[in-house]
J.: 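Sharing a structure here in structure tokens format.
Because the structure is predicted, anything quoted here is derived from the model rather than measured. Nothing fancy with the numbering, it's 1 onward along the sequence.
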Amino acid sequence: MSDNIYFASKDADQCASALLKKSQTFFNQLQKNAYLDKLKDMWMFYHGIYATGTGYEHQITFTGEQGELVAIPINHFRNLARHIYNMITANRPTMEARAMNTDYKSLSQTYLANNILDYYMREKHIEDAIHKASEMAVVLGAGYVKMEWNATGGDVHDVDPETGDFNFEGEIEVTNLSPFDVVIDGTKENWSDHEWILTRSFQNKHNLAAKYPELADKIRNLETKSDLYRYRINLFSNDETDDIAVYEFYHKKTEALPEGRYMLFLNDNIVLLDTKMVYRDLPVFRLTMAEIIGTPYAYSEMFDVYPIQEAINSLYSAILSNQTANAVQNIWVKPGSDFNVESIVGGLNIVESQEKPESLQLTQTPKEVFDFVLMLEKLGETLSGVNSVTRGNPEASLRSGNALALVQSMSLQYMSGFQKNYVRFIEQIGTSLINILKDFANTPKLIALVGRNNRPL
């Protein structure tokens with residue numbers, strides 16, 4: 001039975017405990033309906049990891065009871081995904097501020113805002129974070145960017161004369177999150193309906209212990225990232241690390257929580273910070289290819305390509321197994337045939353026998369197998385929206401430039417939905433960037449500004 005008290009309004013330790021339980025329930029449900037397994041397989045296919053272990057993914061391997069089967073991965077999956085990613089991110093994202101009013105002061109402020117946006121995109125690598133989120137959206141269905149203000153970031157502004165402490169300019173911090181690092185209310189049907197969000201990142205526990213000396217012993221005893229084998233990508237490293245999971249809880253300002261809430265905690269016994277919501281909105285932005293209708297979960301066209309890739313690998317492996325096992329010709333003769341072989345100078349042989357020897361053509365693979373492979377490759381292009389022209393391998397029937405351009409435009413049109421999400425994603429990040437600077441950047445800050453044609457502004 002519920003205690004009828006909103007979990008987000010409880011004391012810090014109780015709220016943290018409730019959030020960790022929600023996180024466990026959230027991922028248990030995704031594990032139960034195989035969504036997490038799907039994401040893991042999508043990640044593996046994108047990097048060419050199929051039936052073999054890590055490290056053997058880009059070579060021919062031998063399977064079966066006696067190694068009689070040859071497995072070869074032909075990674076159309078990654079090729080199609082990269083084409084989708086490149087089509088969306090080919091043009092460098094640019095943000096342009098718009099004035100709400102038409103007076104001179106408002107219009108002049110847009111020049112400053114535009115150059116600030118360009119500076120942070122270029123110099124502070126927000127563009128890289130946007131591209132990484134786009135790649136995750138293609139492969140994993142969704143990619144996330146978390147944007148926060150770090151009060152101790154940037155250059156030193158001055159020194160407190162009484163304490164000797166440094167005062168910093170502060171700086172925007174941008175972090176990419178994967179679907180394994182974000183917890184939401186799984187009952188919501190739309191992303192915009194979420195009132196709270198829980199994120200996970202990893203930080204060095206010794207740095208945290210130094211920053212919070214009163215909790216140093218507890219922090220150093222926490223399990224590290226190396227101990228977390230579940231709900232994260234962990235295939236290429238078994239090194240020990242000092243990074244531990246750090247959880248951040250953001251809650252909007254609502255009727256139930258008029259001031260909202262922000263919590264930074266490591267577990268329900270170690271709450272590092274508990275305060276009101278300091279941002280105008282949730283500082284976590286999501287990019288998706290599409291949505292699973294009626295749920296807050298993301299969908300990618302590459303989900304449909306996944307089984308096709310499995311079938312392509314299987315057929316190519318069957319063809320190669322046959323060719324490898326039977327490429328050396330065998331000769332068939334009737335029992336009791338009397339053969340007499342004489343060599344002729346130059347390497348020729350004369351074979352005398354009562355019956356003509358015949359070679360066994362065991363390497364012949366049915367034509368239907370090759371036809372089906374081509375059909376599957378075409379299906380992968382159709383379902384992903386990446387046609388043969390986009391991949392640089394147009395069909396023979398497409399000879400004219402107009403025909404090629406038409407087919408190419410159809411591929412771009414198919415991506416228009418993802419393109420729309422991508423543009424909205426950039427707009428949300430740009431708006432939040434300006435708002436965070438307006439709310440927190442209280443000291444002078446030097447940035448590089450240029451005008452039209454790179455002239456100083």
Side-chain angles (χ1 to χ4, degrees), residues 1-46 49 136-137 139-144 146 175-203 222-235 238 241 243-251 261 263-271 282 284 286 288-300 302-303 306-307:
M1 286 290 293
S2 172
D3 55 12
N4 291 324
I5 299 177
Y6 188 35
F7 81 94
S9 64
K10 293 182 178 180
D11 293 338
D13 56 343
Q14 293 179 318
C15 182
S17 177
L19 286 167
L20 292 176
K21 289 180 181 178
K22 287 180 177 293
S23 174
Q24 189 66 38
T25 302
F26 177 79
F27 284 112
N28 283 346
Q29 183 62 31
L30 294 184
Q31 187 76 33
K32 184 178 180 179
N33 61 29
Y35 190 78
L36 286 183
D37 289 335
K38 180 187 296 183
L39 297 186
K40 181 193 72 173
D41 291 341
M42 295 287 289
W43 183 90
M44 294 179 68
F45 271 40
Y46 183 65
I49 305 172
M136 286 188 184
V139 181
L140 303 177
Y144 300 83
K146 181 178 68 173
T175 307
N176 281 107
L177 300 173
S178 76
F180 298 95
D181 301 314
V182 177
V183 175
I184 54 178
D185 184 348
T187 65
K188 301 289 187 181
E189 295 186 6
N190 300 300
W191 177 257
S192 58
D193 295 337
H194 292 294
E195 296 179 337
W196 61 267
I197 189 170
L198 177 67
T199 68
R200 180 187 66 175
S201 58
F202 294 92
Q203 297 183 28
L222 292 175
E223 64 180 7
T224 66
K225 187 176 183 179
S226 301
D227 302 319
L228 299 175
Y229 294 105
R230 198 175 186 187
Y231 310 144
R232 79 179 185 91
I233 297 172
N234 178 36
L235 290 177
N238 60 355
T241 179
D243 286 358
I244 59 176
V246 178
Y247 300 96
E248 291 180 275
F249 172 62
Y250 305 90
H251 197 294
R261 192 169 188 175
M263 283 181 56
L264 176 69
F265 64 97
L266 307 181
N267 59 31
D268 52 358
N269 293 319
I270 307 178
V271 179
L282 299 178
V284 180
R286 185 182 74 150
T288 66
M289 286 196 72
E291 307 281 351
I292 299 179
I293 297 175
T295 77
Y297 306 119
Y299 192 91
S300 169
M302 295 307 297
F303 288 1
Y306 170 79

J.: Between CH2 of Trp191 and CG of Leu282, what distance do you get to the nearest 0.5 Å?
T.: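 Going from CH2 on Trp191 over to CG on Leu282, the span is 8.0 Å.
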
J.: With Asp37, which residues qualify under side chain to side chain donor-acceptor pair (under 3.5 Å), at least two apart?
T.: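 Checked Asp37 against side chain to side chain donor-acceptor pair (under 3.5 Å); matches are Gln31.
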
J.: Distance check, rounded to the nearest 0.5 Å: Ile270 atom CD1 versus Leu222 atom CG?
T.: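 Atom-to-atom, Ile270:CD1 and Leu222:CG are 4.0 Å apart.
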
J.: With a 4.5 Å cut-off on side-chain heavy atoms, are Tyr144 and Thr199 touching?
T.: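 The answer is no, as the side chains (C-beta and beyond) never meet within the 4.5 Å cut-off.
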
J.: Please identify each residue that fulfils side chain to side chain donor-acceptor pair (under 3.5 Å) with Tyr250, with sequence neighbours left out.
T.: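 Tyr250 satisfies side chain to side chain donor-acceptor pair (under 3.5 Å) with Glu148, Glu248 only.
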
J.: Find out whether the Lys NZ or Arg CZ of Lys22 is both under 6.0 angstrom from the six-membered ring centre of Phe7 and within 45° of the ring's axis.
T.: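 Lys22 over Phe7 ring: yes.
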
J.: Within a strict 4.5 Å, meaning less than it, do heavy atoms of the Leu19 and Trp196 side chains meet?
T.: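 Contact flag for Leu19/Trp196 side chains = yes.
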
J.: Shortest non-hydrogen contact from Lys146 to Val284?
T.: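 Distance-wise, the nearest heavy atoms are CG-CG2, 4.1 Å.
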
J.: If you count heavy atoms of other groups shown closer than 6.0 angstrom to NZ of Lys188, is the number above 12?
T.: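 It does: Lys188 NZ has more than 12 such atoms within range.
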
J.: So, applying side chain to side chain contact (heavy atoms under 4.5 Å, CB included) with Leu140, which one of Trp43, Phe303, Tyr46 is it?
T.: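 Among Trp43, Phe303, Tyr46, the one meeting side chain to side chain contact (heavy atoms under 4.5 Å, CB included) with Leu140 is Trp43.
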
J.: Side chains of Thr224 and Phe202: does their closest heavy-atom pair fall under 4.5 Å?
T.: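 The answer is no, as the side chains (C-beta and beyond) never meet within the 4.5 Å cut-off.
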
J.: Applying side-chain contact (heavy atoms from CB on, under 4.5 Å) to Ile292 and Tyr35, what does each step give before you reach the verdict?
T.: CA-CA 12 Å; Ile292 299 179; Tyr35 190 78; 4.0 Å; yes

J.: Taking all non-hydrogen atoms of both residues, which atom of Thr288 and which atom of Ala137 are closest, and how far apart?
T.: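 Reported closest heavy-atom pair: CA-CB, 4.3 Å.
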
J.: If you define the side chain from C-beta out and look only at heavy atoms, does anything of Leu198 sit under 4.5 Å from Phe26?
T.: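 SC-SC contact between Leu198 and Phe26 ruled out.
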
J.: Do you know the tightest heavy-atom contact between Pro179 and Phe27?
T.: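 Minimum heavy-atom contact is O-CE2, 3.9 Å.
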
J.: Between Leu30 and Tyr297, is there a side-chain heavy-atom distance shorter than 4.5 Å?
T.: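 Side-chain contact under 4.5 Å: yes.
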
J.: side-chain contact (heavy atoms from CB on, under 4.5 Å) between Tyr306 and Asp41: does it pass, once the steps are laid out?
T.: CA-CA 8 Å; Tyr306 170 79; Asp41 291 341; 3.0 Å; yes

J.: Please determine whether side-chain contact (heavy atoms from CB on, under 4.5 Å) holds for the pair Val246 and Leu266, giving the CA-CA distance in whole Å, both sets of side-chain angles, and the decisive distance to 0.1 Å.
T.: CA-CA 5 Å; Val246 178; Leu266 307 181; 3.8 Å; yes

J.: Keeping Arg261 on the side-chain end and Ala8 on the backbone end, is there a donor-acceptor pair under 3.5 Å?
T.: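 Here the side-chain-to-backbone pair exists.
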
J.: Within this structure, what is the CG-CG distance for the pair Asn28 and Asn33, rounded to the nearest 0.5 Å?
T.: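 Between atom CG of Asn28 and atom CG of Asn33 there are 11.0 Å.
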
J.: For Phe249 and His251: C-alpha separation, side-chain torsions, deciding distance, then whether side-chain contact (heavy atoms from CB on, under 4.5 Å) applies.
T.: CA-CA 7 Å; Phe249 172 62; His251 197 294; 3.9 Å; yes

J.: Would you tell me whether Asp181 and Ser178 have side-chain atoms, one donor and one acceptor, within less than 3.5 Å of each other?
T.: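 There is such a pair (donor and acceptor under 3.5 Å, judged by atom type) between the side chains of Asp181 and Ser178.
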
J.: If I take atom CZ from residue Phe180 and atom CZ from residue Arg200, how far apart are they, to the nearest 0.5 angstrom?
T.: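 CZ of Arg200 is found 9.5 Å from CZ of Phe180.
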
J.: Quick check: closest heavy atoms across Gly141 and Ala298, and the distance to 0.1 Å?
T.: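 Taking Gly141 first and Ala298 second, the nearest heavy atoms are O-CB, 3.1 Å.
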
J.: If you define the side chain from C-beta out and look only at heavy atoms, does anything of Met302 sit under 4.5 Å from Val139?
T.: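 They are not in side-chain contact.
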
J.: Determine whether a donor-acceptor pair (N or O, by modelled atom type, separation under 3.5 Å) exists between the side chain of Asn267 and the backbone of Asn269.
T.: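 Indeed, once roles are kept as given, a pair shorter than 3.5 Å links the two residues.
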
J.: Calculate, to the nearest 0.5 Å, the distance between atoms CD and CD belonging to Gln24 and Gln29 respectively.
T.: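 So the gap between those two atoms works out to 12.5 Å.
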
J.: Strictly distance-based, threshold 3.5 Å: is any side-chain N or O of Asp11 a donor or acceptor partner for the main-chain N or O of Asp13?
T.: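 No, Asp11 side chain to Asp13 backbone: no donor-acceptor pair under 3.5 Å.
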
J.: As an exercise, state the distance from CG of Leu20 to SG of Cys15, rounded to the nearest 0.5 Å.
T.: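 That separation rounds to 9.5 Å.
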
